[in-house]
Amino acid sequence: GHVALAGDHLGKIDKTTGKVDIVEPHKKGSGPRRVWSDSKGVLWVSFWHSGEVGRYDPAAKAWKTWLLPGNPGSGCYSVYVDEQDKVWLTDFLTNSIVRFDPATEKFETFPSSKRGAQVRQMLGRPGEAWGAESGNDRLVQIKY
């Protein structure tokens, strides 16, 4: 799949036919930025313009969204789902990496030690989340 910030949608690509099914976001102008699947095939999306994380259930064709803590409404950039199905996001406005627990619907914030982190991509391995601080030209690691 892919997301299109300018096109304001998600797309499901059929690799054999090349056909793209468009999935509209929960509201216009929310600005989907990145997408990651959890272990159950549910999609997690970062919304740049609205400062939200969204969950899209393809089976139910249903959205649920949460506003990032301390975020007045923009700047949620990357998303990564770890092996425990916790959702990691980056927030440009609060200069932090944020972990969201879908089970409790609670956020935990990990502020950067440097200004202007601008984490555009995340990845990890069991027990570790990694963020690429494009603004500081470094990788940061959060152990959990």
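Heads up: numbering here begins at 1 and tracks the sequence. Hydrogens, waters and symmetry mates are skipped; everything else that's a heavy atom, side chains included, is used.
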Requested in this report: Would you sort out whether Phe92 and Trp48 count as a ring-ring contact (aromatic ring centres under 6.0 Å, His included), showing the intermediate values?
Outcome: CA-CA 9 Å; Phe92 277 32; Trp48 175 251; 5.1 Å; yes

So which heavy atom on [X] is nearest to which on [Y], and how close?
X      : Y      : answer
Ser37  : Leu43  : CB-CD2, 3.9 Å
Glu83  : Gly127 : OE2-N, 3.4 Å
Asn136 : Lys114 : ND2-CB, 3.3 Å
Ser78  : Arg120 : CB-O, 3.4 Å
Val98  : Ser96  : CG2-OG, 4.0 Å
Phe107 : Val53  : CZ-CG1, 4.1 Å

Pairwise distance [atom1]([X]) to [atom2]([Y]) - rounded to 0.5 angstrom:
X      : Y      : atom1 : atom2 : result
Met122 : Trp88  : CE    : CH2   : 6.0 Å
Glu128 : Lys143 : CD    : NZ    : 4.5 Å
Glu108 : Phe110 : CD    : CZ    : 3.5 Å

Query raised in the report: Hey, mind stepping through Ser30 and His49 against side-chain contact (heavy atoms from CB on, under 4.5 Å) and telling me if it holds?
Result: CA-CA 5 Å; Ser30 52; His49 295 313; 5.6 Å; no

ILVMFWY network linking [X] to [Y], side-chain heavy atoms under 4.5 angstrom:
X      : Y      : result
Tyr144 : Ile97  : yes
Leu123 : Val119 : yes
Trp130 : Tyr80  : no
Ile142 : Phe100 : yes

Report task. Could you check Arg138 against Ser112 for side-chain contact (heavy atoms from CB on, under 4.5 Å), going step by step and ending with a plain yes or no? Result -> CA-CA 11 Å; Arg138 70 176 185 169; Ser112 177; 3.4 Å; yes

Query - Main-chain N/O of Val42 paired to Asp57 side chain as donor or acceptor, under 3.5 Å - result: no

Query raised in the report: With distance as the sole test, does Ser134 use its side chain to make a donor-acceptor pair with the main-chain N or O of Gln118 at under 3.5 Å?
Result: yes

Requested in this report: Among Asp82, Asp101, Val79, find the residue that satisfies the side-chain contact (heavy atoms from CB on, under 4.5 Å) test when tested with Val87.
Outcome: Val79

Requested in this report: Please say which of Leu89, Thr90, Thr94, Leu93 ends up in a side-chain contact (heavy atoms from CB on, under 4.5 Å) with Cys76.
Outcome: Leu89

Query raised in the report: Under 3.5 Å, is there a donor-acceptor pair between the Glu52 and Thr65 side chains?
Result: yes

**Report entry** Pair Phe47 and His26, ring centroids less than 6.0 Å apart
**Finding:** yes

Query - Trp44 and Trp66 aromatic centres sub-6.0 Å - result: yes

Report task. Check the pair Lys64, Glu105 against salt bridge (charged side-chain N to carboxylate O under 4.0 Å, His left out), reporting the backbone distance first and the verdict last. Result -> CA-CA 11 Å; Lys64 183 164 183 182; Glu105 300 189 16; 3.1 Å; yes

Report task. Mind running salt bridge (charged side-chain N to carboxylate O under 4.0 Å, His left out) on Lys40 and Asp85 for me, showing each step along the way? Result -> CA-CA 9 Å; Lys40 300 166 197 73; Asp85 279 345; 3.0 Å; yes

